[in-house]
Amino acid sequence: MKTAVYPGTFDPVTNGHIDIIERALKLFDKLYVVVADNPQKAPTFTAKERVEMLQGALKQNNDRIEIQYFDGLLLNYVKSKKSNVIVRGLRAISDFEFEFSRALLNRELEKDIDTIFIMTKDDYAFLSSSIIKEIAMFGGSVKGFVPKIVEKKLKKTFKK
Ligand code: COA
């Protein structure tokens, strides 16, 4: 069985992430979607909320997707799942430099684990979790950019 791990902060998940997940499912039998923390970021949503939004958005594919929060080194999570592939999405050339150095670093630390990159659908190339939160914060519509469950959660969070 071919497996892969798709990590991210997912604060919150957007349709761009969902697009990468759907593409990865065409290449792998099982995908571990892992909600992790980037120490440079202070997430708006708790780990539990980020996992719940992903679960709500991905109900229909449940048997081939496992969604979990992991508080630790990504490579340790990948090894714990006996996988050797990390999936990352690329939206634009500007993502490349950052992703390239991370992928090389991870391979240096664990030579059997490789990172593969999937290009985001161009409709979503301009999306990011921060821009979504900014739109929602100022009362704009995020319809079509995020799953329904995220749209509702954002409305509730930024109502005040
Ligand atoms: N569509 C839309 N947006 C996308 C996207 C896509 N396909 N792919 C990425 N993004 C956006 C995200 O929404 C996020 O936006 P934001 O910065 O506004 O929040 C941004 O691109 C990048 O986020 P993400 O993909 O979640 O990466 P990250 O850099 O925040 O986090 C982790 C990366 C969590 C995987 C990494 O920090 C990690 O592995 N942490 C665990 C600890 C560890 O092992 N560290 C060592 C790593 S070498």
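All heavy atoms count here, side chains included; hydrogens, waters and symmetry mates do not. As the structure lists them, so they are numbered: ligands from 1, and atoms in each ligand from 1. Sequential numbering from 1 along the given sequence is applied to the chain's residues. Predicted model only: the values in this text are computed from it and were never measured.
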*Lys148: partners by salt bridge (Lys or Arg N to Asp or Glu O under 4.0 Å), with sequence neighbours left out*: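 With sequence neighbours excluded, Lys148 shows a salt bridge (Lys or Arg N to Asp or Glu O under 4.0 Å) to Glu151, given in chain and number order.
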*Partners meeting side-chain hydrogen bond (donor to acceptor under 3.5 Å, both in side chains) with Ser130 (sequence neighbours left out)*: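 Testing Ser130 for side-chain hydrogen bond (donor to acceptor under 3.5 Å, both in side chains), a comparison that skips the adjacent residues, returns none.
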*Under 3.5 Å, is there a donor-acceptor pair between the side chain of Arg88 and the main chain of Pro7?*
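Between the backbone of Pro7 and the side chain of Arg88 there is a qualifying donor-acceptor contact (under 3.5 Å).
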*Supply the members, apart from Leu90, of the Ile/Leu/Val/Met/Phe/Trp/Tyr cluster built from side-chain contacts under 4.5 Å; use none for a lone residue.*
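In the cluster with Leu90 are Phe96, Phe100, Leu104, Phe117, Met119.
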*Output, in order, the C-alpha distance, side-chain angles, deciding distance and verdict of ring-ring contact (aromatic ring centres under 6.0 Å, His included) for Phe126 and Phe145.*
CA-CA 10 Å; Phe126 54 86; Phe145 297 155; 5.7 Å; yes
_For ligand 1, give me the residues whose heavy-atom distance to it is below 4.0 Å, by chain and number please._
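Residues near ligand 1: Pro7, Gly8, Thr9, Thr14, Gly16, His17, Ile20, Ala36, Asp37, Asn38, Lys41, Gly72, Leu73, Leu74, Arg88, Arg91, Phe98, Arg102, Asn106, Thr120, Leu127, Ser128, Ser129, Ser130.
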*Evaluate the criterion ring-ring contact (aromatic ring centres under 6.0 Å, His included) for residue pair Tyr6 and Phe10; output intermediate values, then yes/no.*
CA-CA 11 Å; Tyr6 179 41; Phe10 300 114; 5.5 Å; yes
